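Keep in mind that what you see is a predicted model, and the values were worked out from it rather than measured. Only this structure's heavy atoms are used, side chains among them; waters, hydrogens and symmetry mates stay out. Proteins get letters first, then strands, A, B, ... in listed order; numbering begins at 1 in each.
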There are 2 protein chains.
Amino acid sequence: MVVMKDTKRDILDAAEQLFAVRGPHATSLRQIIGRAKVNLAAVHYHFGSKELLLRAVMARRLVPLNAERLALLEGEERKSARRVMPLRNVLAALVGPALRLSRNPKKGGAVFMQLLGRCFMEPDPKIQAMLDNQLQEVAGRFIPALQRALPKLPPEDLFWRIHFLVGAMAHTMADAERLRAFSGGRCNPDDTEVMIEQLVNFLTAGFKAKSR
Amino acid sequence: MVVMKDTKRDILDAAEQLFAVRGPHATSLRQIIGRAKVNLAAVHYHFGSKELLLRAVMARRLVPLNAERLALLEGEERKSARRVMPLRNVLAALVGPALRLSRNPKKGGAVFMQLLGRCFMEPDPKIQAMLDNQLQEVAGRFIPALQRALPKLPPEDLFWRIHFLVGAMAHTMADAERLRAFSGGRCNPDDTEVMIEQLVNFLTAGFKAKSR
DNA sequence: CATTCATTCAAACGTTCGTTTGAATCAGGC
DNA sequence: GCCTGATTCAAACGAACGTTTGAATGAATG
């Protein structure tokens, strides 16, 4: 009674871990219950199905993450009052909270960041629909903010660049570790602030490119 | 033996198609032989295993693709002789041939482009190792070329930006179609030249960003 | 103590997976 | 016409998958 409902949290933690490393589709429920040390039927008892489990894993972290992004954006909007908000700050509000996850092990940490990146790249339409749904509000607030920060950029160019942003961000979240070996140790993906700095710096320049 | 057996090619074509749309891991051999209209055992008879089949699918297109990239780079190097090669041309030689695949249905077309993008994002270490192997030569030639085009950029920044490039390119190859809906029809992923232009333009500006 | 209700458990369900087998089929060389 | 080696075929293999079942467990209620 002192400790209650370890089972649900244990399943969520184990699923998050394994979904992130091997991808949701390549992870079996038996691997999850093996790591969580619970019974196989507990997954369906508490969550209903594998798909609903993934949804629960994502919602647990994504809801606060998106709230943080929106709060950061609103804060920036308040700060810059009637002036145009600097593009760099908009991008930092979008990208920063997600990449900073890896600094916060208590809230999911690098594990969830990797999972989020993986879900962006999952071909499964069910997973894509779930993500689109979870990110609808964020997109609806950030796209106008980007447009305001880049008033001269044609919408077509803007959408192409958002697409590139998503690719670069997702790949960085899902596979930052690959960069360590690829760069021959010159880059350290564990240094979150450098990572954010590099990505925001790159994206800011990309978004500011002259339209052709 | 004048022409390659229909069976082998039929399997390669069907596998390429299905691997690309659903991802290699989510595609079963039975789906492949159903589309190819061949016997199930034919896959193992001609290729040995599912993994070797994927390797064969990739090699068939990737070998000529990489050769084209290297030839394009060499051509640019010859053209600019002792001068510095423009960054834009290096990036175009790297990104162009891959994205232009979708214009060339006879050589795999958009289907293989999507598959290549998917493989970049596959968590499976076997697939990653295979890709790394296939791309080693290209990386070894393009990284110095990028360094020469950006002599003032610290190597750490360069590697971060290559990482972002890979993410943006892979996401564009694998999921360009998502952009059509996401942009409300404003972007047309079928127009390959616009796609290349947008990506190269974005990347060129990103690579040229001031180091911080 | 008896009852209740949420939770856990071992076991099995029916599918589907990648792979293997051994016989049937077909080609060309003698 | 038969032999040989390459290819195709239907059928089955064992393993793993997501899911379901029904009984055992345990704490709280009356």
Participant: Assuming nearest nucleotide by heavy-atom distance, tell me which of A:Lys50 and B:Ala41 is located more 5' along DNA chain D.
Facilitator: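 Looking at DNA chain D, the more 5' nearest nucleotide goes with B:Ala41.
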
Participant: Should B:Arg60 and B:Asp13 be marked as a salt bridge (charged side-chain N to carboxylate O under 4.0 Å, His left out) after you check the CA-CA gap, both sets of side-chain angles, and the distance that decides it?
Facilitator: CA-CA 10 Å; B:Arg60 175 171 67 150; B:Asp13 289 344; 3.0 Å; yes

Participant: How about CD on A:Glu193, more than 12 heavy atoms from neighbouring residues, nucleotides or ligands closer than 6.0 Å, or not?
Facilitator: yes

Participant: Tell me: CD of A:Gln31 to C1' of D:dA15, nearest whole Å?
Facilitator: 14 Å

Participant: How close or far is atom P of C:dT7 from atom CZ of A:Arg9, stated in whole angstroms?
Facilitator: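 Interatomic distance, CZ of A:Arg9 to P of C:dT7: 16 Å.
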
Participant: Measure from the side chain of B:Asn39, starting at C-beta and using heavy atoms only, and say which of C:dC9, D:dC9, D:dC17 lies closest.
Facilitator: D:dC9

Participant: Consider the side chain of A:Arg30, meaning its heavy atoms from C-beta on, and name the nucleotide among D:dT21, D:dA10, D:dG18 that approaches it most closely.
Facilitator: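 So the side chain of A:Arg30 is nearest to D:dG18.
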
Participant: Take the protein atom NZ of A:Lys8 and the nucleotide atom C1' of C:dT8, then report the distance between them rounded to whole Å.
Facilitator: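 Computing the A:Lys8:NZ to C:dT8:C1' distance gives 15 Å.
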
Participant: With respect to the side chain of B:Thr7, which nucleotide from C:dT19, D:dT8, D:dT19 is positioned closest?
Facilitator: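 Of C:dT19, D:dT8, D:dT19, D:dT8 is nearest to the side chain of B:Thr7.
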
Participant: Give me the atom names and distance for the closest heavy-atom approach of B:Leu199 to B:Met169.
Facilitator: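 Looking at all heavy atoms of both residues, the closest pair is CD2-CA, 4.2 Å.
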
Participant: If you check every side-chain atom of A:Leu40, which of C:dA12, C:dT19, D:dA6 has the closest atom?
Facilitator: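 Between C:dA12, C:dT19, D:dA6, the one nearest the side chain of A:Leu40 would be C:dA12.
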
Participant: Nearest whole Å is fine: how far is C:dC17 C1' from B:Leu18 CG?
Facilitator: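 Those two atoms, CG and C1', are 16 Å apart.
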
Participant: Considering only NZ, NE, NH1 and NH2 on the basic side and carboxylate oxygens on the acidic side, decide whether A:Arg118 and A:Asp175 come within less than 4.0 Å.
Facilitator: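 Yes, charged N to carboxylate O under 4.0 Å.
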
Participant: Does A:His46 have a side-chain nitrogen or oxygen under 4.0 Å from the phosphate oxygens OP1 or OP2 of C:dT8?
Facilitator: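 For C:dT8, OP1/OP2 do have a side-chain N/O of A:His46 under 4.0 Å.
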
Participant: In whole Å, what is the span from the CD atom of A:Glu51 to the P atom of D:dC17?
Facilitator: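 To the nearest whole Å, that distance equals 19 Å.
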
Participant: Taking CD1 from B:Ile11 and P from D:dC9, how many angstroms apart are they, rounded to a whole number?
Facilitator: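 Computing the B:Ile11:CD1 to D:dC9:P distance gives 10 Å.
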
Participant: Remember a base hit wins even if backbone is also touched, and classify A:Ala42 as base, sugar-phosphate or nothing at under 4.0 Å, heavy atoms.
Facilitator: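 Touches nothing.
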
Participant: How many Å lie between CG on A:Leu52 and P on D:dT19, as a whole number?
Facilitator: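 Taking CG of A:Leu52 and P of D:dT19, I get 9 Å after rounding.
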
Participant: With a cut-off of 6.0 Å (strictly less than), are more than 12 heavy atoms of other residues, nucleotides or ligands near CZ of A:Arg22?
Facilitator: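 Atom CZ in A:Arg22 is not packed in, count stays at 12 or less.
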
Participant: Nearest to the side chain of B:Leu29, heavy atoms from C-beta on, is which of C:dT7, D:dG18, C:dT19?
Facilitator: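 So the nucleotide nearest the side chain must be C:dT19.
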
Participant: Can you figure out which of D:dT7, C:dT21, C:dT8 approaches the side chain of B:Tyr45 most closely?
Facilitator: D:dT7

Participant: Would you mind telling me which residue lines up with the more 5' stretch of DNA chain D, A:Gly48 or B:Val38, judged by nearest nucleotide?
Facilitator: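 Checking each residue's closest nucleotide, the 5'-ward one belongs to B:Val38.
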
Participant: Which listed nucleotide (C:dT20, D:dT8, D:dG18) is nearest to the side chain of A:Ser28?
Facilitator: D:dG18

Participant: Roughly how many Å is it from CZ in A:Phe47 to P in D:dT20, rounded to a whole number?
Facilitator: 16 Å

